[in-house]
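To keep things clear, I will list the structure first and then write my remarks on it.
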Amino acid sequence: MDYKDTLLLPKTSFPMRGNLPQNEPKKYKQWDDENVYEKMKANREEASESFTFHDGPPYANGPIHIGHVLNKVIKDIIVKYHYFLGKKVYFTAGWDCHGLPIEHQVEKKVGGAKKKEMAKSKFRGLCREHALKFIEIQKQGFKNVGVIADFNQPYLTLEKKFEANIYRELCRIASKGLLVERSKPVHWSWAAKTALAEAEIEYKDKESHSIYVAFKLQDRDESIIIWTTTPWTLPANQGIVLSEKIEYISTTDGFIVARELFDKLKKDGIVKGDIGETILAEKLEKTKAINPLNGRDSLIMLDDFVSIEDGTGAVHNAPGHGEDDYRICLSYDVQVIVPVDDRGCYDEDINKYNLFKDTEKYLGRNVLTCNEDVLEDLGEALISDNKFTHSYPHCWRTKKPIIFRATKQFFIALDKPYAEDGSTLREKIIGNLDNVKFYPQTGKNRLLSMLERRPDWCISRQREWGVPIAFFRVKATKELILDEKVLNYVAMIFDMHGADAWYDMEIKELLYPGCSHKPDQLEKVNDILDVWFDSGSTWSAVLESREYDAGNFPADLYLEGSDQHRGWFQSSLLVSSASREIAPYKNVITHGFTMDAKGRKMSKSEGNVIDPDKISKEFGSEVLRLWVAMSDYQNDQRISNEIVKQIAEQYRKLRNTFRFLLANTNDLEKISSFDDMKTFDKWFLSLSAQTFKEVSLAFDNYDFAKGLNKINNFLVNDLSGLYLDVTKDRLYCDEKNSLNRLSSMSAMSIITKSMIYLLAPILTYTMDEILANASSTIKENNNDIFDCKHFKLKEIESELSTKDIIEARSKFSELVDVMKKDKSIKSTLELDLKIEPDLFKSIDKEDKEDLFLISNLVKESEEKEINTFEVNGSKFTIYKASGSKCPRCWKFNASKEDSLCERCEKVINV
RNA sequence: GGGAAUAUAGCUCAGCUGGUUAGAGUGCACCCCUGAUAAGGGUGAGGUCCUAGGUUCAAGUCCUAGUAUUCCCA
């Protein structure tokens with residue numbers, strides 16, 4: 001007779017294989033259709049705690065890559081983690097929509113010439129379309145990896161009210177006196193016709209001239225030699241800077257250079273004579289040299305910034321083209337001349353100031369193409385000309401080398417007292433960081449050291465796709481109008497019409513009715529705001545404005561890549577500290593970057609780019625999410641096919657263990673009370689509780705990799721390897737409602753519930769699927785995973801020693817392995833065991849037999865002793881089993897061949 | 001050129017304030033089971049703890065210098 005049908009074998013509708021690539025999209029769509037995000041909020045309407053996550057806006061340009069996925073999935077996991085803890089959570093997705101990259105792409109599409117003819121608002125409309133298109137693409141990409149956020153009312157920096165709010169933030173800062181206007185040399189991209197922020201500059205190798213030029217002194221028959229790498233700035237030369245700290249000498253062939261550099265200069269053939277008299281820099285101060293290019297005066301000035309690392313110890317000064325030059329000229333009251341227009345071409349100023357002998361030759365030409373001509377025109381004054389390659393700033397977008405060019409710009413002043421307590425913005429932001437917790441902690445110092453050193457924030461750009469710095473100026477005086485009523489009215493217009501109104505409407509329409517300013521005497525400022533100002537004010541436009549149901553200000557958490565120390569973390573802190581005097585966030589988490597298998601960055605040219613969409617389609621988004629969670633994301637992570645395969649294996653193990661748990665608890669109707677459970681099961685619950693506590697602790701610190709490693713360990717060793725193996729006999733062979741069986745099934749249900757809760761933030765889809773296929777003891781009244789809430793397994797003491805159990809089993813299986821290998825036994829059920837003295841007194845005979853998967857625990861045996869081992873003072877003796885094999889439970893407990901053992905006999909006859 | 005982070009088994013990660021023979025999972029090899037079966041179990045082989053110095057009775061852990069990779073800045 002086949003007894004298989006009399007067994008209670010595991011049964012479940014939960015499939016072994018997830019078919020994730022096919023099934024996930026359906027579920028994700030369902031969640032989307034049901035608006036699960038809103039449901040989550042409704043579920044926590046009564047929650048006492050809330051958690052505001054403020055999403056850092058990705059740039060709405062191009063499809064998402066693995067870095068976007070990492071970023072959003074970590075956010076999603078953390079938000080869900082707080083949700084399943086029982087908090088009301090907020091996660092409004094956002095996009096950064098303005099800025100040069102989009103403007104540049106649209107410009108490429110329509111063509112530069114066509115763009116010029118186009119009305120500004122028309123062009124801005126095209127930029128808007130471009131951004132909106134990619135927002136949809138990116139949105140879908142995020143949904144495809146199971147991210148749940150407010151995607152229905154996301155915040156977009158291009159929205160009318162959003163633009164109005166950014167503008168209001170600017171006005172608030174202006175009203176505090178922090179906005180200053182200065183003409184200052186800035187990094188200028190002539191190719192993009194805009195000032196560039198530090199963040200928009202890339203350093204690349206460039207070949208430049210290295211030239212030595214002699215400037216003849218007016219009062220002496222000697223020449224000072226200067227060194228420069230930018231010949232094109234020579235026409236704008238206004239002086240030569242020496243340092244009091246450097247000793248200068250004249251040479252017998254009539255040149256003046258630093259004494260320390262003489263040997264080197266002589267070796268290079270720059271000077272040919274010998275050292276003559278010593279010259280004091282002070283003596284030359286305020287005397288004049290002659291610019292050999294145009295015969296203009298060049299004033300000798302002194303400053304300590306001059307170094308003797310290279311050059312001659314005398315520095316060519318063009319105040320329109322260098323920051324130090326500018327500063328020094330200001331102190332000597334020397335005029336700043338900038339004969340270069342926004343396209344990087346020499347303009348009419350070269351005529352006005354007679355900067356060249358033949359100005360016609362240069363007018364309208366890009367300065368970088370003029371170097372050779374300048375050198376030629378220098379004639380004999382050019383002492384040496386070499387080329388060399390050095391690291392030089394380039395425009396991040398156009399990849400063209402940039403120039404320094406003095407322009408009028410708006411700055412946010414960092415060192416000007418403004419706060420109620422009289423502190424400066426720099427002091428304020430540094431102080432505000434005291435109240436912010438950083439993960440990892442090193443992030444705080446990283447941000448601090450930047451804040452201590454950073455210059456004033458240049459927030460103006462001479463571009464079109466952005467929020468206008470919508471201020472009026474008095475034409476005659478260039479004075480800014482910061483009249484509150486004027487600003488408020490403009491903001492109100494932006495609320496209704498968006499910032500395009502600044503371009504579409506006339507000045508008289510933009511002024512409030514009854515305003516005393518005369519429209520025809522005013523002009524508009526045409527600059528737009530740095531996009532970092534946009535994103536820096538999202539806390540205001542999103543959290544404070546009440547336009548979105550996005551949570552509270554300040555936010556509980558900001559989370560971005562570590563590059564945002566320079567970017568968003570800083571711009572947000574600056575804007576919020578300037579206008580509200582507090583930090584916009586309470587916690588900041590940073591993540592690293594995703595590298596290839598070798599830890600190198602991905603790039604198209606290297607061909608090592610991993611497409612997240614491909615992984616979702618081949619393995620499933622859950623595998624991708626598990627990869628994120630198992631990575632040490634606060635550092636750089638690696639991804640490769642091999643790594644993904646490995647993660648897929650971990651997923652498989654996890655899934656199958658859950659499947660077995662579901663299958664084994666399938667017919668349980670009610671979880672037994674603790675008092676009705678056996679010591680052995682309670683022991684395992686205590687072990688589980690200990691593990692889950694450690695996991696929760698790791699998760700509390702957002703260390704998901706550590707927590708998952710613990711879960712994985714538990715799953716493989718304790719659950720799958722021990723508990724589930726040991727309890728099989730009672731589950732399959734015992735009578736349906738035996739105490740043994742109910743007790744173990746109850747423990748399993750509790751453990752399953754705990755693990756579902758722990759893993760729900762990470763493997764939301766899978767946990768939902770598990771729940772749908774679970775028995776009512778696990779599922780309870782929950783319709784889906786989002787109905788679940790924190791289930792914490794309480795900690796209990798157990799008199800059983802986990803250490804002894806593990807050690808005894810390990811020693812036993814070591815001996816068994818030998819027996820199996822020499823074919824003396826096939827199964828441990830062929831064995832009996834004697835434990836003397838009894839190491840496991842607290843559990844009954846059956847539990848001890850099952851613990852070792854043997855047939856009988858004996859006090860003595862007539863069979864031959866096979867082997868012994870010792871654990872913690874107890875001696876374990878292994879015997880061949882004395883009974884016959886029961887055809888139902890396979891234990892060697894039957895009294896004779898082919899007959900059932902006592903237990904099975906009983907079960908069958910019930 | 002400057003600031004910062006990381007470096008432990010083929011892979012993903014542990015290793016607390018310095019203290020036995022450096023751990024786990026996975027992968028790999030071999031074996032068992034076929035009542036978790038496109039599953040499950042067991043055993044085993046894998047390490048110059050990036051390199052070189054130093055402190056110490058004792059260094060994966062502390063110090064110094066360097067290398068590689070990454071991020072940020074000039």
Side-chain angles (χ1 to χ4, degrees), chain A residues 2-12 14-17 198-199 201 203 309 390-393 440 442-443 445-450 452-454 561-567 570 590-601 626-627 629-632 634-650 652-653 655-664 698 703-717 720-722 724-725 728-729 731-733 809-810 812-823 825-829 853 888-890:
Chain A
D2 188 1
Y3 287 99
K4 196 169 170 178
D5 298 336
T6 70
L7 298 174
L8 297 162
L9 291 178
K11 211 172 122 189
T12 178
F14 184 69
M16 184 180 286
R17 314 195 94 204
E198 313 267 338
I201 291 163
Y203 284 79
E309 270 172 35
H390 63 156
S391 172
Y392 189 87
T442 48
N445 268 333
R446 187 167 171 182
L447 192 53
L448 262 176
S449 66
M450 288 180 187
E452 279 160 2
R453 285 195 308 247
R454 71 155 295 154
S562 62
D563 55 336
Q564 297 304 329
H565 285 105
R566 169 65 47 181
Q570 197 171 139
T590 53
H591 61 75
F593 292 79
T594 304
M595 304 295 147
D596 73 0
K598 291 177 193 149
R600 287 167 195 270
K601 70 168 139 200
L626 195 56
W627 166 76
M630 295 200 77
S631 299
D632 179 14
Q634 292 180 11
N635 273 306
D636 289 350
Q637 329 80 42
R638 297 176 182 202
I639 196 163
S640 66
N641 272 335
E642 198 199 347
I643 293 170
V644 173
K645 267 186 198 148
Q646 195 196 143
I647 299 284
E649 281 300 302
Q650 313 251 37
R652 193 182 53 76
K653 176 71 192 179
R655 188 177 172 94
N656 260 312
T657 308
F658 268 107
R659 179 170 183 266
F660 196 50
L661 283 167
L662 293 188
N664 278 341
D703 192 346
F704 300 105
K706 193 175 197 168
L708 281 175
N709 265 299
K710 281 190 194 299
I711 288 188
N712 203 248
N713 238 16
F714 170 77
L715 209 91
V716 172
N717 295 322
S720 201
L722 199 160
L724 296 181
D725 220 27
K728 272 180 196 167
D729 175 76
L731 292 178
Y732 298 175
C733 305
R809 274 179 51 100
S810 153
F812 181 66
S813 48
E814 224 172 288
L815 296 174
V816 165
D817 193 56
V818 175
M819 287 184 255
K820 282 182 178 173
K821 274 190 175 147
D822 69 23
K823 311 265 183 207
I825 58 163
K826 281 186 91 174
S827 153
T828 50
L829 288 175
L853 300 170
R888 184 169 177 272
C889 71
W890 299 344

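Worth saying up front: this structure is predicted, and the values here are computed from it rather than measured. All values below come from the heavy atoms of this structure, side chains included, with hydrogens, waters and symmetry mates left out. Labels below follow one simple rule: chain letters A, B, ... track the order of the sequence lines, proteins then strands, and each chain is numbered from 1.
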### Task
Write down the distance separating the C1' atoms in B/A7 and B/U51, rounded off to the nearest Å.
11 Å
### Query
Can you name the residues that form a ring pair (Phe, Tyr, Trp, His ring centres under 6.0 Å) with A/Phe14, not counting sequence neighbours?
none
Pick out the pairs of N or O atoms, protein on one side and nucleotides 32-35 of chain B on the other, that lie under 3.5 Å.
from: B/C32; atom 1: OP1; to: A/Lys823; atom 2: NZ; distance (Å): 2.8
from: B/C33; atom 1: OP1; to: A/Lys826; atom 2: NZ; distance (Å): 3.3
from: B/G35; atom 1: OP2; to: A/Lys4; atom 2: NZ; distance (Å): 3.3
from: B/G35; atom 1: O6; to: A/Arg888; atom 2: O; distance (Å): 3.4
from: B/G35; atom 1: O6; to: A/Trp890; atom 2: NE1; distance (Å): 3.2
from: B/G35; atom 1: N1; to: A/Arg888; atom 2: O; distance (Å): 2.7

### Task
Would you indicate what A/Phe660 reaches in the nucleic acid, counting non-hydrogen atoms under 4.0 angstrom: base, sugar-phosphate, or nothing?
base
### Task
Could you work out the separation of B/C50 and B/C31 based on their P atoms and round it to a whole Å?
36 Å
#### Entry: Per-nucleotide pairing state of RNA chain B [Watson-Crick or G-U, under 3.5 Å; [ ] pseudoknot-crossing; | other strand]
(((((((..((((.....[...)))).(((((.......))))).....(((((..]....)))))))))))).
### Query
Can you check B/G46 for me, syn or anti if syn means within 90° of 0?
syn
### Query
If you pin A/Gln637 and A/Gly721 to their nearest nucleotides in RNA chain B, which one's is more 5'?
A/Gln637
### Query
Under 3.5 Å, is there an N or O donor on one side and an acceptor on the other linking the side chain of A/Gln646 and the base of B/G25?
yes
### Whole-angstrom distance between B/U61 and B/G18, as gauged at atom P
11 Å
### Listed partners of A/His591 passing ring pair (Phe, Tyr, Trp, His ring centres under 6.0 Å), at least two apart
none
#### Entry: Partner set under salt bridge (charged side-chain N to carboxylate O under 4.0 Å, His left out) for A/Asp563, not counting sequence neighbours
none
### Query
How far does the P atom of B/C16 sit from the matching atom of B/U55, given to the nearest Å?
24 Å
### Task
Would you mind telling me which residue lines up with the more 5' stretch of RNA chain B, A/Phe593 or A/Arg453, judged by nearest nucleotide?
A/Arg453
### Message
What's the gap between B/A5 and B/U20 when it is taken at their P atoms, as a whole Å value?
### Response
28 Å
### Query
Has the side chain of A/Ser449 got a donor or acceptor atom sitting under 3.5 Å from an opposite partner on the base of B/A4?
no
### Side-chain heavy-atom pair A/Phe593, A/Ser562 within 4.5 angstrom cut-off
yes
### Message
Could you tell me if the side chain of A/Pro10 sits less than 4.5 Å from the side chain of A/Tyr732, heavy atoms only?
### Response
yes
### Query
Looking across every strand, which nucleic acid part, if any, lies under 4.0 Å from A/Arg446 by heavy atom: base, sugar-phosphate, or nothing?
base
Could I get a table of every N or O pair under 3.5 Å where one atom is in the protein and the other is in nucleotides 14-16 of chain B?
from: B/G15; atom 1: OP1; to: A/Lys706; atom 2: NZ; distance (Å): 3.3

### Message
Counting the atoms with a prime plus P, OP1 and OP2 as sugar-phosphate, which does A/Lys645 contact under 4.0 Å by heavy atoms, base, sugar-phosphate, or nothing?
### Response
nothing
### Query
When only distance counts, do a donor and an acceptor, one from the side chain of A/Arg659 and one from the base of B/A36, lie under 3.5 Å apart?
no
### Message
Using a 4.0 Å heavy-atom cut-off, does A/Asn712 contact any base of the nucleic acid, only the sugar-phosphate backbone, or nothing at all?
### Response
sugar-phosphate
